[in-house]
Amino acid sequence: MANGPSWEFRHLVALMALAETGSFGSAAERLGYTQSAVSQQIAALERMLGARLVHRPGGPRRISLTAAGERLVVHAQAILRRAELAEADVHATADAAAPTLRIGTFQSVAVRVLPPLLQRFQARWPDVTVELVEHAGDEQLLDLVERGRLDLTFALLPVGEGPFAWRHLMNGEYVLITAAGAVPRDVSMAGISQLPLIGYRSLRNALRMEEYLAAHGHTPQVVFRTDGNAAIQRLVGVGLGAALVPAFAVDDQDEAIAVTRPVDELPPFVIGAAWHADRPLHPAVAGLVDLAVEVCGELQDPELAPS
């Protein structure tokens, strides 16, 4: 293998599609190939590597990967993401004269941070175009950063494993929201765990909060899940449950709800900015991060600021 591996990206793409769909037919449909073409690519990859990658049970049963196949999928994911990153860097270099920054965000940041941040950024970098990509949670956004599809994303810290560099922006607290006039007497962890709760579906820090309560012997009773801050607040306002949410995400002008600070100390809701650690940081991106620190410092509750 002195001249490099003999397999190509198309072989890895076929393996990834097969792993994700569970059948040659579904993988072929996803890729726009014939089923026999996918089968031939996997067979060729197995011959080149000298290892069986796929269990083929025959009939309608779902295929599965061998241990070797599962390991190769892990590498394939990294290789294909790195290839996307390389392509994105080439385009970014070619477009350096009139850059477009692609920034990832989620709801509460989009409402509270972005308006003053982008106003200041445009005043300092008038020739830079900003494109925003919003998802309910940050896992999809971090994936896009790793693949070079985003230059920067707002994220919940810690960001977890991945090729990420990050900068802390602000800490926030969790509050309990209930229907107006329905504040429970006991707003400790024990009391909150007895309430019917409306929870987030995919917001990592909120799910960590549920795990935190459970680890302290107070398993939350979640009756609905959604990723919409406004939807959660409306459901609470009509009396369908309470919610433990970041104070940052609450519309405190809503008269249908009451906001209460839990009596027990809970972990903070931590917001940061993250980017690819191996990618050169464009000066405009670095400038935007500096401005984000400035804006979030003004929004930060002094009591919650890190020491």
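- Summarising the geometry of Ala243 relative to Ile232, their closest heavy-atom pair is CB-CG2, 3.6 Å, with the distance given to 0.1 Å.
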For the pair Val73 and Leu15, evaluate side-chain contact (heavy atoms from CB on, under 4.5 Å) and give the outcome as yes or no after the intermediate values. CA-CA 7 Å; Val73 162; Leu15 180 65; 4.0 Å; yes
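- Interatomic distance, Thr153 OG1 to Leu144 CG, rounded to the nearest 0.5 Å: 8.0 Å.
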For Glu20 and Arg62: C-alpha separation, side-chain torsions, deciding distance, then whether salt bridge (Lys or Arg N to Asp or Glu O under 4.0 Å) applies. CA-CA 11 Å; Glu20 292 169 1; Arg62 183 182 177 91; over 6 Å; no
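- Neither side chain, Thr21 nor Ser23, offers a donor N or O lying under 3.5 Å from an acceptor on the other.
- Of all non-hydrogen atoms in Leu169 and Cys296, the two that sit nearest each other are O-CB, 3.5 Å.
- At least one side-chain heavy atom of Leu195 sits under 4.5 Å from a side-chain heavy atom of Leu176.
- Between Asn171 and Gln300, the side chains place no donor N or O within less than 3.5 Å of an acceptor N or O (distance only, hydrogens not considered).
- Within a 6.0 Å sphere centred on CD of Gln77, other residues, nucleotides and ligands contribute more than 12 heavy atoms.
- The shortest side-chain heavy-atom distance between Val223 and Leu197 does not fall under the 4.5 Å cut-off.
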Please report the C-alpha distance between Leu118 and Leu132 in whole Å, then the side-chain angles of each, then the deciding distance to 0.1 Å, and finally whether the side-chain contact (heavy atoms from CB on, under 4.5 Å) criterion is met. CA-CA 11 Å; Leu118 294 182; Leu132 297 176; 4.0 Å; yes
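- Cluster membership for Leu244 and Val183, using ILVMFWY side-chain heavy atoms within less than 4.5 angstrom, is not shared.
- Using modelled atom types, one side-chain atom of Asp264 and one backbone atom of Met189 make a donor-acceptor pair closer than 3.5 Å.
- Pairs passing the side-chain hydrogen bond (donor to acceptor under 3.5 Å, both in side chains) check and including a residue from residues 106-125, sequence neighbours excluded, read Arg120-Glu294, Arg120-Glu298.
- Using a 4.5 Å heavy-atom cutoff, the side chains of Ile177 and Val250 are in contact.
- No more than 12 heavy atoms of other residues, nucleotides or ligands lie within 6.0 Å of CZ in Arg234, so this atom counts as exposed by the packing criterion.
- Distance check: Phe164 CZ to Glu146 CD gives 5.0 Å after rounding to the nearest 0.5 Å.
- Separating the NE2 atom in His11 from the CG atom in Leu72 is a distance of 11.5 Å, to the nearest 0.5 Å.
- For the pair Val259/Asp252, no side-chain contact is recorded, criterion being any heavy-atom separation below 4.5 Å from C-beta on.
- To the nearest 0.5 Å, the span separating CZ on Phe224 from CG on Leu240 amounts to 5.0 Å.
- Rounding to the nearest 0.5 angstrom, the gap separating the CZ atom in Phe106 from the CG atom in Leu114 is 9.5 Å.
- Inter-residue side-chain proximity for Pro158 and Arg208 is flagged as met; some heavy-atom pair is nearer than 4.5 Å.
- Remark: Arg201 does not engage Glu210 in a salt bridge, criterion side-chain N to carboxylate O under 4.0 Å.
- Under the 4.5 Å side-chain heavy-atom criterion for ILVMFWY residues, a single connected hydrophobic cluster contains both Leu266 and Val187.
- When all heavy atoms of Gln233 and Asp251 are compared, the closest pair comes out as NE2-O, 2.9 Å.
- Proximity of Leu65 to Val54: side-chain heavy atoms (C-beta onward) are separated by under 4.5 Å at one or more points.
- Under a hydrophobic-cluster definition in which Ile, Leu, Val, Met, Phe, Trp and Tyr are linked whenever side-chain heavy atoms come within less than 4.5 Å, directly or via other members, Trp166 and Leu150 are assigned to the same cluster.
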Could you check Met170 against Phe269 for side-chain contact (heavy atoms from CB on, under 4.5 Å), going step by step and ending with a plain yes or no? CA-CA 8 Å; Met170 66 183 299; Phe269 179 86; over 6 Å; no
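- Contacts of Tyr212 classified as ring pair (Phe, Tyr, Trp, His ring centres under 6.0 Å), with partners at least two apart in sequence or in another chain: His216.
- Taking CD1 of Ile63 as the reference point, atom CZ of Phe24 lies at 6.0 Å (rounded to 0.5 Å).
- Considering every non-hydrogen atom in both Ala179 and Gly237, the closest pair reads CB-O, 4.1 Å.
- The heavy-atom pair separating Ala110 from Glu134 by the smallest distance is CB-OE1, 3.9 Å.
- The two atoms that bring Leu101 and Ala284 nearest to each other are CD1-CB, 3.8 Å, heavy atoms only.
- No single ILVMFWY cluster, assembled from side-chain heavy atoms under 4.5 Å apart, contains both Val111 and Leu299.
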Evaluation steps, side-chain contact (heavy atoms from CB on, under 4.5 Å), between Arg225 and Ile198: CA-CA 6 Å; Arg225 288 193 184 278; Ile198 299 166; over 6 Å; no
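- Side-chain atoms of Pro262 and Tyr174, non-hydrogen and from C-beta on, never get closer than 4.5 Å to each other.
- Partner of His276 under the side-chain contact (heavy atoms from CB on, under 4.5 Å) criterion, out of Val145, Leu142, Leu152, Asp151: Val145 alone.
- A 4.5 Å side-chain heavy-atom check between Glu46 and Ile42 finds at least one atom pair inside the cut-off.
- Contacts of Asp186 classified as side-chain hydrogen bond (donor to acceptor under 3.5 Å, both in side chains), with partners at least two apart in sequence or in another chain: Ser188.
- No donor-acceptor pair closer than 3.5 Å links the side chain of Ser193 to the backbone N or O of Pro220.
- Linking Ile, Leu, Val, Met, Phe, Trp and Tyr residues whenever their side-chain heavy atoms come within less than 4.5 Å places Val293 and Leu156 in a single cluster.
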